[in-house]
Every structure is written in structure tokens, then in C-alpha cells.
Amino acid sequence: MAKTQKKSTKEDESIDVLGAREHNLKNIDITIPKNKLVVFTGVSGSGKSSLAFDTIYNEGQRRYMESFSAYARQFVGDMERPDVDKITGLSPVISIEQKTTNKNPRSTVGTVTEVYDFLRLLFARIGEAYSYNTGKKMVKFSEEEIVENIYTRFKNKKVSLLAPMVRGRKGHYRELFEEIRKKGFLKVRVDGEVLELKPKMQVDRYKIHDIEVVIDRLQVTEDMKVRLSQSVQQALKMGKELMFLLLNDNDKLVQYSRQLMCEDTGISYEEPSPNAFSFNSPYGACPTCKGLGNVYSVNLEAVMPDHSISIKAGGIAPLGEQRDAHLFRQVEALAKKNRISLDKPIKDLSPSALNILLYGNAAGDTADEETISIDESVDGKPYEGEFEGIIPMLRRWFAGNTSDVLRDWVEKFMELKTCPTCDGNRLKKESLWFKIDGKNIAELSNLNLDKFNQWFEGIEKRLSSKQNVIAKDILKEIRERTRFLLDVGLTYLSLNRPSRTLSGGESQRIRLATQIGSQLQGITYILDEPSIGLHQRDNHQLIIALQNLRNIGNSVLVVEHDKDIMMAADHLVDIGPRAGMHGGQIVAAGTPAEVLKSKSDTALYLSGKKNIAVPKERRKGNGKALELKGASGNNLKNIDVKFPLGKLIVVSGVSGSGKSTLINETLFPILYKHAYNSRVTPMTFKTVKGLEYIDKVIEIDQSPIGRTPRSNPATYCGFFTEIRTLFAAVPEAKVRGYNAGRFSFNVKGGRCDVCEGGGMRVIEMNFLPDVYVHCEKCNGKRYNRETLEIRYKGKSISDVLNMTVDEACEFFQPVHYLYRKIKVLEEVGLGYITLGQSAVTLSGGEAQRVKLATELSKKDTGKTFYILDEPTTGLHFQDIQHLLDVLNKLVDRGNTVLVIEHNLDVIKVADHIIDLGPEGGDGGGKILFEGTPEDMIGNKQSHTAKFLKTELN
């Protein structure tokens, strides 16, 4: 009988999207080959994300939801169908987006990737315990070993076997003594003294006691071995795995335990479990910082910011200036009693006087007796009591949960410091004294992943045969997961790196590594710019990781602007030709070679026919510079850096080389403190010179502009307030008595009362999910009829919100202060978006440029220092040109613009490059080069220089 072979259908070979109209897509049809690496590209706002995420991913999610029962769907809700006619051939979909990183302070790279979970298991099963007192290896006795040890060490000696019942606790223990006596025991050892048990026996209830039962008294001889064994068994049972041996002739006490125990000091550890190595569990977390690694402590500089003024004049900030308040009357009474002058400057007060004020009576020698009396009637009597002290008072208020307002106020006088108990390692001391091959779990977690991986190479040779049998499968899992992280270029991270400090690209690559490790097949993966934050050198590893995901039988769809990833694609889709309403069409599709033959902007840039021009000469700057010396935060190697002012400066280097530490965590806090008297604490540095040349600093990072549908470019940039003021100044509005608030869709009065200014109305469907429809009263215009009747130059407030930025620039050109702010949105390439476009519909690149435009629309002083962290995120080649035009205008006006960047198109146009490296993590943190791009290409150490050379030649 002939075998029937399943015919391959079109659905097995491709994903077909027919009639996609989501957002700006122009009813497009596209065939995407399955089990291939497919890259979607095009200018920002052209419709890439609308096709990949809002159409294909959302449809995949909707189908998954439909597989739930009707009962389950009433709890999770159904998803709205994307605006598309038909999608065929779609396999289960997983999205790996630039999601906001987990802000939980307990989340780390190790916990997210689950490597730390396997590491905890490894230490619980094969970790060797050492005493935190002596550093010696701890021993664990069985009952037989205890008997043998006693027999060997104390042969022919008289001993007493004791079972500890109370250790370091207060109480009279009358009931305990009675219970022991009824069991037939005759003697107890109380606080080192052996006593006869008597009826109604008790001890001082207010003193701390150690109580042991004397189980047996015997001479250790061969014929007493059976009795010794029985007594040891009884002692361990009553002492809960712990017993003492007392030598009768010299009162020497020896401790034995069936738990891990230090023979010299007698301390014992519980049997380790994986929880004992978890900083998220009470069994493993440091008791001081509760597993966070940091604690808040009072910052004396914030408490006494100015030592030249007196306490009455407000020298102690939490106390404030002299006034009729209970706390100040307490301070005055304390000062009078201790002869402290409240009129003298703080610097003239003695340390002991300050100590009493700050720490209260507890700071003095007579703390137990000293009280203060205040002429303040309480039930007809003057108030008397101890003065707590400013510092203990702040600590108490901060620790209490009575009022969030009070806690927030106290936080101004606190600073976050490394926990002194665990030194930032998050675990209790017992957990840190379990080691494998000389290293504890915190030391391994602090290693960069490449060093971590090296440590595990050949670990079997350094373990015992028993340990190897136990650890075999655990080691396999740790190595595999670590290898996937290394494959996506994250060699410089460590397992204990907090998740909240990761960039969008880093967290996305971690999720990518996790998915590769899961070894799923037949999945459609959709990724949003995984190359963000990745140096060109590491791109190759990322491409291999994406190809591996494809090779095991998955379809990999990537939204990307990176040239290397585009050229490595099996299938390239160029969407455009422009952004917004001028985009949403398939411009070219096929292999990279086929797309290069087209005349699209992407093809012109990829083929080199169109390029971002290198300036003919570099700016000389204004001759002044900012000099930072001795920067040594994180992996920085005590470096000295000079930032020439009046130039476009680019800070480059491989991922993890120390760029963010130097700029975002050291330089920016220094400048912010100087310009705005901020309390942000910079990372360690020695000196800084040249701050007088800067009077304003603006940082533009990668955080999103808002996640609510009501947030839009007009409200975020701040010019909507001025538009509303303009409408309120219209004669008709004045006659009606309308103010600017009337034109806000977030305030009652002028907005539509049915949709409450949202433009959409929510219809509750009981057991079905809520449905959003255009409000039938205002038809999506957000405002009521009376408000819409007010017109400025023939346009209502709703018409203005529906204008594109290009249209608004032309409309508001006569209103200079408004035009200037809207014009910046156009200059950064956002002319196609509408002023009232919902923030949730903006792509990542668009959102970041809105933020950039907001900062750039503010007036610069000619002495402003701008810091931008990877502003090319989500930008097409053409958009990068728009961005550079704006940045160059700022520099031409005398300002300084510093950009942290990997993009070679930005690096090659810089006036001054600061290159860090040579590697990431511990292998970085050094300044490799400072100067112009032309001078840099000869640098042999720099990885950036090798790639830059091809761009400049």
C-alpha cells in the first residue's frame, strides 16, 4: 500500500496579509515567507509597527484569546480585531518588544533569566559551609560520629551531656523546670552553674538566661559506650539536633550538632535550601536591607546644609527657623539645660553640643536620667520628657507608615547607601559563607557574564566525584542559559545587575536569549529593533542569534533600521515612501539584493548612493572646556576627561564600556547639581573644573512620553496651554466669559459630558468586553457644542487638534511664541503627526523625538549643555539627517551637545569624539581616544575606529 504524503500548502510556506488598513496602512496585501528572517524597514512613522505589531501580532493574540472558553473570556476579555480583511498561515505569535523594563528593585538579570534560580539550587546542593567567625570549614556529625568523636577525644574522662533548652532569653521558666523534673531529670545547668532541680524552682525573670538539662554524667570508657550512645540520642532529641558536652574537671564546654557546625566556636547553620540563597525570601535576605542591598540613612549634609547660620535662623533644615512649635520648644529647653547657644553659627558649636541636638539625650553620658521640662501645660502640669533628637526622629518618621506626605518630606534628608551589613550583597551572612571552589554566590553573581562563563568551564575538575554527580544537570542548564546571553552580546552584564538599570535594547535581548533557550518551534517571533544600544562589533552575534531562532523552525519578523541586520535578512520589506498619511505602502519587498535595485530611500542609503555628509571642517569650539578628573564609578578606571564646549561631542564605545556611567551617572548629576542645586548624587569622582561656563543642562533619555490615550504631542510639549489661552482671548469667548480652562478636554465645563473629553465612549457589554465607539454626541471632537462655536481664524479647538504639525506651522506662523514650539516638531521630522494624536499610537522613534522637540523648543542660553542618550533609536537614515540638522543648529548658537551613540552616521559628523573601552564590563572603563573622527581612525585599540574608517574613506 502506497504511503500518502501530506502536500505542502501555501499556508505552510507563507503568512499572507490581505487588506491591512490599521492606522496609516493603505489597504495593503503582503506575502511574508515562513521560517525566514524577515526585516521590516522604512522611515519613522511609515507603518512598520502598524503592520508587524498592530496587525500581525494583535491578530495572533486575538486568535489565542478566542481559544479560551466563553467562561474564561469573560474574565480576560476579547481583543478587538485589527483592521484587516484576512490573515492566513499565521502560527502562534510571541512579541519581544522594547517594553518598559521591570522597575522592581528586587528584579535582576539573574532572576529574569532564571540563571540565578539554578545557581541557588547548585549552592544548596553542593555548596560547602564555612564558619563566619574562623573561616574554617564546618562539619556535620551523624549520631554515630558524635559518639565516636566523644569516645576518641575524651576517653577515660568524666563528662556531662547537656541538652540546651533556653539560649539567651528572659523569663522565670518555672513551668520548664517543673516539666523537666517530672521527666525524671535531677540536674540543670543555669547560666554556667550546675544546680539540683527542686519543686517550684525559678530564675530571675528580668535577666537573660542559658538553661541546659543534664542528660547524663558518666566516664567515657569502652563498657559505657552503649549508655553514651543512648544519652547522646536523648540529648540531641531534647536539644533539637544540638547538644553540649561538659568536662567535669575543668568546665570546658564542647558543642555537637547534627546540623552544620563550627568545631571551634560552636556556631551552627541550618541545612541549606535554595531559599537560603534568595534575597527575595526571608530565609536568605539580609535582615538589615531586607534583600535590597541598599538602605536609607540620614544625610547630615542635607540636615545641616549651611554651617554659617545659627539654629534659630534655620541651620538645622528639618527644624526650620525659630517659631512657636512644640519641637522647637523642646530644642530650646534642651539648649538651655546644656548651655548651648542657638544664636551662634553651627560651625562655632562644639561637637558634643551638636551631638546632643542631633541625637538627643542618648548622645550624653547621663542619658538615663536626663529629662527636659517645657512650659507647656498638659493636664495643668508642665510637659516633661526626654528629647528624642533630630536624627532618631527623622528615622522614626521615615520608617513609619503613618503618612506618605511626611515620609516624602523626610526622604529629602535621606540618602541611599550600600547596606553596611551585607555590603550590597543582599544575603544574610550565613548564606554568604557557603562556597563552591572558594567563591560564594554573591561573588559569582557580581562577575561579568563572560567571566562567569569562564569560571564554569572545567568546574567538574575542581569538584569531588559526589558533587559532580549531584551538579551534572544543574551545570548544564546554567551553561546553556549563560551561552544564550553571551550570544546576544550581553557579555558585560552581571547576574546581580538590577533590571531597572537596563536599557530597552538590553532587556529585549535578554528576553530574546530566554526565547532561544526555550527551544520552541513553529512560532512567529516579532522583535522591535533588537539592535538598540548594540555596538557594530556585537551586531554579528545578534544576527547569529536571530538566525538560530529561525533555524530551529520559527518565523522571525524584525522591525529594524540597522544596515547589518537588513543585509542579513532572508526577506526585506521596505514600507513608505514617507511617514504618516504619506506612508503605509509597500515600496519594495524581496531579498536584500532585490530591494537594492529599487529606488526607495532605504535602497539608496544601503547602496551608498545617498549618504549623510561629513562636514568639511570640524568646529573649533569656544576655547573653554569642562574637565572631569578621577571618575571611578562602576567600571570606570579613575579616568580624566575633557569636554570641549561649543562643540558636538559624541561618546562612543562598545556596549558596557562605561559610557552611561560616565555621562548619565557622573557628569549629568554634577551639572544638574550646579545648575539647579539638585540633590542627585553623582558617582565617584575627584574634581571638576569649568562649571562656570554652563548655566543650564538638559538631558533627553529614552523614557516614554506617556501611556494614556489622553496624552498627545500638544499636551506633552506644553504648547496646548498657549493654544487654549489664544482661544480664550477670542472676542466671542470673552463675551461668553470663557477662560483657558474651558478649552481643556480634561476639565468639566467645556468638554463633552458624555465621553468626558476622550472622543470615544466606552460601552459596557456585561459578559463581553467593553467596546469603544466614537462618541455620538460630539462625534469624536471631545468638546461640547458651545465650546466648538468659538473659532480662531475659522478653526475650532477640535480642528486645531486634528491638524498635522505641518498644517499647524503654517496656521500659527503669525503667533511667534507658539510657532517656534510647533516648528521644532517639524524640524525633528514629525510634520506628519497630528497635534492631538494619542500617545499610545506613537512609535518608539516618534515618542522620543516628541520628547526631544519639547526640550529643544525651550530657549537656550548659548551656555546650555544638552545630553542625549542614543537619540537615533527608531530612526531611519533619512530621519537621522533631520535630527543632525537640529543638533547642529543648537551647537551653532554656542551651546554644547553631547550624544551617547553607536550609530556611525552620528559619530562621523562629531566635532569631538570620546571613545571608551576597549571592552565591556571589567575590560572597559578606560579612555581610548579624545579628538576628531579623522584622528581616531588610526587608533588600534578602539573597536569603533575600525568601523568608522570605512565610513570616512
Side-chain angles (χ1 to χ4, degrees), residues 131-134 136 138-271 430:
S131 167
Y132 56 74
N133 277 344
T134 63
K136 289 184 180 179
M138 298 187 82
V139 292
K140 187 177 180 183
F141 290 111
S142 66
E143 200 174 291
E144 293 77 15
E145 285 172 331
I146 292 173
V147 173
E148 197 56 46
N149 187 278
I150 292 172
Y151 183 74
T152 306
R153 287 176 67 185
F154 306 108
K155 193 171 183 181
N156 297 323
K157 293 185 179 177
K158 289 183 179 179
V159 297
S160 295
L161 303 183
L162 315 174
M165 306 298 286
V166 174
R167 303 186 76 186
R169 296 205 311 266
K170 292 179 182 179
H172 56 66
Y173 296 108
R174 187 166 54 206
E175 294 83 0
L176 177 67
F177 289 132
E178 192 61 30
E179 185 186 336
I180 294 167
R181 197 173 68 84
K182 285 179 179 176
K183 286 182 179 176
F185 295 103
L186 304 174
K187 294 181 184 288
V188 286
R189 185 171 178 263
V190 180
D191 302 332
E193 185 182 355
V194 178
L195 304 171
E196 295 272 351
L197 271 168
K198 297 174 184 175
K200 297 182 180 179
M201 181 176 174
Q202 66 180 58
V203 289
D204 190 335
R205 67 181 299 177
Y206 299 109
K207 289 186 178 177
I208 293 172
H209 303 288
D210 291 320
I211 301 172
E212 298 101 27
V213 183
V214 179
I215 301 293
D216 198 359
R217 302 175 79 188
L218 53 85
Q219 188 164 5
V220 183
T221 58
E222 182 66 38
D223 56 343
M224 297 290 278
K225 215 168 182 182
V226 174
R227 178 175 160 183
L228 175 65
S229 177
Q230 290 171 344
S231 298
V232 165
Q233 185 180 6
Q234 177 77 357
L236 288 170
K237 184 179 177 183
M238 288 188 71
K240 295 179 180 174
E241 311 297 337
L242 183 66
M243 63 163 280
F244 297 147
L245 180 143
L246 180 68
L247 269 172
N248 291 343
D249 56 355
N250 63 5
D251 282 347
K252 180 185 174 186
L253 199 68
V254 180
Q255 182 170 318
Y256 287 98
S257 172
R258 271 204 294 228
Q259 297 175 334
L260 290 162
M261 188 189 81
C262 171
E263 289 184 286
D264 293 349
T265 59
I267 60 166
S268 62
Y269 298 165
E270 289 183 14
E271 192 68 26
E430 291 87 351

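Each residue takes its place number in the sequence, starting with 1.
With rounding to the nearest 0.5 angstrom, the OG atom of S257 is 13.5 Å from the NZ atom of K240. Atom CD of E143 sits about 5.0 Å away from atom CZ of R258, to the nearest 0.5 Å. Interatomic distance, CZ of R169 versus CD1 of I208, reported as 11.5 Å (0.5 Å rounding). Here Q230 contributes atom CD and D216 contributes atom CG; the two are 9.5 Å apart, rounded to the nearest 0.5 Å. Note that CD of E144 and CD of Q233 are 9.0 Å apart. Values are rounded to the nearest 0.5 Å. Rounding to the nearest 0.5 Å places OH of Y132 at 5.0 Å from CD of E430.
Around the NZ atom of K170, the shell of radius 6.0 Å holds no more than 12 heavy atoms that belong to other residues, nucleotides or ligands. Shown here is R205, whose CZ atom has no more than 12 heavy atoms of other residues, nucleotides or ligands within 6.0 Å.
Shown here for M138 and C262, the closest heavy-atom pair between the two residues is CE-N, 3.3 Å. The two residues V147 and S229 make their nearest non-hydrogen contact at CG2-CA, 3.8 Å. Nearest heavy atom pair, residue S231 against residue L218, reads OG-CD2, 4.4 Å.
Here R181 pairs with E178 under the salt bridge (charged side-chain N to carboxylate O under 4.0 Å, His left out) rule; sequence neighbours left out.
In this structure the side chain of R153 reaches within 4.5 angstrom of the side chain of V254, judged on heavy atoms. Here the side chains of R217 and K158 are not in contact, with every heavy-atom distance at 4.5 Å or above.
For the ring pair (Phe, Tyr, Trp, His ring centres under 6.0 Å) condition, the pairs that include at least one residue of residues 138-159, sequence neighbours left out, are F141-Y256.
Checked by atom type, the side-chain pair S131/N133 shows no donor-acceptor distance below 3.5 Å.
Remark: of the listed residues I146, L161, I215, I146 is the sole one forming a side chain to side chain contact (heavy atoms under 4.5 Å, CB included) with L236.
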In a table with atom names and distances, give each donor-acceptor pair under 3.5 Å that connects a side chain of residues 182-198 to protein atoms at least two apart or in another chain.
from, atom 1, to, atom 2, distance (Å)
K187, NZ, E196, OE2, 2.8
R189, NH1, E212, OE1, 3.0
D191, OD1, D210, N, 2.8
D191, OD2, H209, ND1, 2.9

Practice item. Check step by step if side-chain contact (heavy atoms from CB on, under 4.5 Å) holds for L162 and V213. Key: CA-CA 5 Å; L162 315 174; V213 183; over 6 Å; no
